[in-house]
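Along the sequence shown, residues are numbered consecutively beginning with 1. We count ligands from 1, going down the list as the structure has it; atoms in each ligand are counted the same way.
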Amino acid sequence: MAAPPNKPVSKAIARLDQDGHDLPPSPAPSSPRNGRRRYALATELVYTDSKDQYGSSSIPIYQSATFKQSSAIGGNQEYDYTRSGNPTRTHLERHLAKVMNAHRALAVGSGMGALDVITRILRPGDEVITGDDLYGGTNRLLTYLSVNQGIVVHHVDTTNVDCVRGVISKKTSMVLLETPTNPLIKIVDIPSIAKLTHAANEKALVVVDNTMLSPILSNPLDLGADIVYESGTKYLSGHHDIMAGVIGCNDPAIGDKMYFTINATGCGLTPNDSFLLLRGIKTLGIRMEKQQRNAQTIAEFLESHGFRVRYPGLKSHPQYDLHWSMASGAGAVLSFETGDPALSTRIVEAARLWGISVSFGCVNSLISMPCQMSHASIDAKTRKERQMPEDIIRLCVGIEDVNDLIDDLSQALVQAGAVTITLDGFHATATAAAQTTEKETPADPADASAL
Ligand SMILES: Cc1ncc(COP(=O)(O)O)c(C=O)c1O
Ligand SMILES: N[C@@H](CCSC[C@H](N)C(=O)O)C(=O)O
C-alpha cells in the first residue's frame, strides 16, 4: 500500500529571532528569490551560509574551553567559556531554530539530557500527564521525578483525547507526548491535546518528543506544542557516532529558563559533537527519504506474509489518517509481532544484515526486542499493565538495498521457524493474524535460499 506522497511540512519561518546573534559564525538567514521567505526544508537543512572570516564552507570546531576577553571588567563579547556558549554550538542552535521553525533552539549532550533540562521547569506538586507507551528512558526519568521530586505523573492512553481530558486540571503543568510512540507506533493527536491543555491551564506546557519523525517529517511547534525536543543521536545525526539532544521553543522566557539550566549544569553539546550534528543534519532529507521508502516496502512485505505490522505508512494502521494530518512521512521505525517471545528471539538472532542494537535513525538497519532491550527499564509488571507485547520486534530501517534487507529478513524468518512454506511463497505461522487457506508445510531452513 503506497503512502501518500510527501507534502511540505513547515510553514515559513516566522519566529526566528535574529537579534543579537549576528556575530560570526552564526548562520545567515536564507534569502530565496521570487519573494519566498525561506527555501523548502530539504534545502534549509543544507544551507550553510555563514559569516566565517575565511568563508569556510564547513563550520569550524571551536575546540576551546575559554575565550580571551578584551577587558577585565567584562568586555563586550559573545563568548567567555564553552559551558556558557561556544561558536560551533551557537551556529548549530541557530541552524536548528531555522529548521524547527522555533524562536530558539538549544543543543545538549543527549535526548535524555534534553528532557532533564525541560523537566527542571517543574516544581514539587506540579502534575504531568504523559502516555502509557513511552520510550523506556523517558519513563525512567519521570518515575525518578515522581519518587524523588514530588512531581505527580499520570500515565494515560494519550492516543485517546478523552483519557487526557479525564485527568487534566488546573494543576496540570506539563503534557508530555510522543508520536508515533516507541515501540507500539501509536499516534497522538497533538493539536487536539494542545488545545485541551491550554484551555485547562494556559500556563501548562505541551512538550513533544519528535525523535521518531525528526523536523523533516513533522513540526510539533506548528501543531500547537510549546516545546519540542528530540534525541539528536537518532535521525538528526544519522550515523550513531554521537549522542545529542535538541530542544526548540517559541516563548523567549522559557528559552531563557532552559538556557539557565544548561549553563548551570554544564550539559551543553560539545563543540566536536556540535560539528558532527551539523554535518549529519545536511543529509537528513535524503537519508529519511530512502529510509522510509525502504521501511514502507518492508512493512508491506511483512504484512502481506501474514504478520501484524505497526507502521503509519500502512493503510491498516488504525490512526493512519490522524498521522498523515500531522506529518509528511511515516518514518522508518516499524514493529511486528510473532505471538511468541522465544520465536521473536530466534528471528532477531538469525538476522545478519540487521544489527541487534538499540536506537534507530541510523543509516544501518537494526533489529531489536524492545521489552528486553530499549524498554527493559520498564518492569515486567508495568509492561503487562500497559499491554506491551513481550514478543514485539522493532525494525529500524536504514539506507541499504531493500532487496538485501528483505532477503536477510526472509532467511531469519525461515531459520527461526516463523513461517510456513506455501505453494506460492511463505506465510506467518504463529501470529494471531496468520490465516491461510493454502496447504502448509513446515519451513525447512534449507529452503531459505529459494525464497
Ligand atoms: C523516543 C525517544 N526519545 C528520547 C530518547 C533519548 O535519547 P538519547 O538516547 O539521545 O538520550 C530515545 C532513545 O534513547 C528515544 O527513543
Ligand atoms: N541501556 C539504555 C537503552 C537505550 S535505548 C535507545 C533508544 N531510545 C531506543 O529506543 O532504542 C538505557 O537504559 O537507556
Side-chain angles (χ1 to χ4, degrees), residues 92 96 106-119 130-145 158-159 176-188 190 207-215 217-218 220 225 227-248 262 265 267-270 273-274 276-277 280-281 291 310 312 327 331-335 348 354-362 364-379 382-383 388 392-398:
L92 166 69
L96 281 166
L106 297 159
V108 297
S110 71
M112 291 320 303
L115 185 59
D116 180 40
V117 167
I118 294 165
T119 53
T130 192
D132 58 0
D133 181 35
L134 279 181
Y135 163 53
T138 304
N139 189 78
R140 179 171 51 202
L141 180 55
L142 291 173
T143 304
Y144 176 87
L145 293 174
T158 45
T159 63
L176 174 56
L177 306 172
E178 215 180 80
T179 186
T181 61
N182 178 10
L184 299 186
I185 320 290
K186 297 197 280 183
I187 310 300
V188 171
I190 298 172
V207 178
V208 177
D209 179 338
N210 198 35
T211 307
M212 288 284 252
L213 294 178
S214 88
L217 299 184
S218 181
I227 300 177
V228 59
Y229 75 101
E230 70 183 74
S231 167
T233 316
K234 313 287 191 308
Y235 290 108
L236 282 180
S237 56
H239 296 75
H240 279 173
D241 47 11
I242 58 161
M243 301 291 302
V246 308
I247 309 171
I262 292 168
T265 63
C267 62
L269 194 62
T270 64
D273 287 344
S274 297
L276 287 172
L277 187 51
I281 287 170
Q291 283 178 263
R310 300 165 186 256
V333 178
L334 58 109
S335 49
V348 168
W354 299 80
I356 306 176
S357 169
V358 292
S359 205
F360 53 89
C362 181
N364 303 97
S365 292
L366 308 174
I367 190 165
S368 67
M369 289 187 64
C371 291
Q372 280 69 43
M373 298 169 68
S374 50
H375 293 66
S377 61
I378 303 176
D379 62 80
T382 308
R383 291 201 303 264
M388 278 181 71
I392 200 160
I393 296 178
R394 194 181 69 180
L395 296 179
C396 306
V397 185

Where is the nearest protein heavy atom to atom 11 (O) of ligand 1: which residue, which atom, and how far?
Met112 N, 2.8 Å

Would Arg394 count as a contact of ligand 2 if the rule is a heavy atom under 4.0 Å away?
yes

Close-contact set for ligand 2 against Lys234 heavy atoms, below 4.0 Å:
7 (C), 8 (N)

For atom 14 (O) of ligand 1, the protein heavy atom that lies nearest, with its residue and separation
Lys234 NZ, 2.9 Å

Would you say Gly113 touches ligand 1, if touching means a heavy atom closer than 4.0 Å?
no

Walk me through whether Asp116 and Cys267 qualify under side-chain contact (heavy atoms from CB on, under 4.5 Å).
CA-CA 10 Å; Asp116 180 40; Cys267 62; 6.0 Å; no

Before signing off on this row, confirm whether Thr138 and ligand 1 have an N or O atom pair separated by under 3.5 Å.
no

Nearest heavy-atom neighbours spanning Ser368 and Ser357:
CB-O, 3.5 Å

How far is atom 16 (O) of ligand 1 from its nearest protein heavy atom, and which residue and atom name does that atom have?
Asn182 ND2, 3.0 Å

With only distance considered, is Glu178 within less than 3.5 Å of ligand 1 through an N or O on each side?
no

Among protein heavy atoms, which lies nearest atom 4 (C) of ligand 1, and at what distance?
Asp209 OD2, 3.5 Å

Holding to side chain to side chain donor-acceptor pair (under 3.5 Å), I want the full list of residues that pass it with Ser335, two or more places apart in sequence or in another chain.
none

Atom 2 (C) of ligand 2 has as its nearest protein heavy atom Tyr135 OH, 4.5 Å

Counting both backbone and side chain atoms, is some N or O of Ser359 under 3.5 Å from an N or O of ligand 2?
yes

4.0 Å protein heavy-atom contact status of atom 4 (C) of ligand 2, strictly under:
yes

Going by a strict under-4.0 Å cutoff (protein heavy atoms only), does atom 10 (O) of ligand 2 have a neighbour on the protein?
yes

Any idea which atoms of ligand 1 are less than 4.0 Å away from a heavy-atom of Met243?
8 (P), 9 (O), 10 (O)

Between Gly111 and ligand 1, is there a nitrogen or oxygen pair with a distance under 3.5 Å?
yes

Taking all non-hydrogen atoms of both residues, which atom of Ile393 and which atom of Ile367 are closest, and how far apart?
CG2-CG1, 3.7 Å

Can you name the side chain to side chain donor-acceptor pair (under 3.5 Å) partners of Thr270, sequence neighbours left out?
Asp273

For Arg140, the atoms of ligand 2 under 4.0 Å from one of its heavy atoms are 12 (C), 13 (O), 14 (O)

Between the candidates Thr233, Val108, Ile242, Asp116, which shows the shortest non-hydrogen contact distance to atom 10 (O) of ligand 1?
Thr233

For ligand 2, does Thr211 get within less than 4.0 Å through its side chain, its backbone, both, or neither, judged by non-hydrogen atoms?
neither

Answer with yes or no whether Phe360 contacts ligand 1, where contact means a heavy atom under 4.0 Å from a ligand atom.
yes

If you measure from each non-hydrogen atom of Met212 to ligand 2, which part falls under 4.0 Å: side chain, backbone, both or neither?
neither

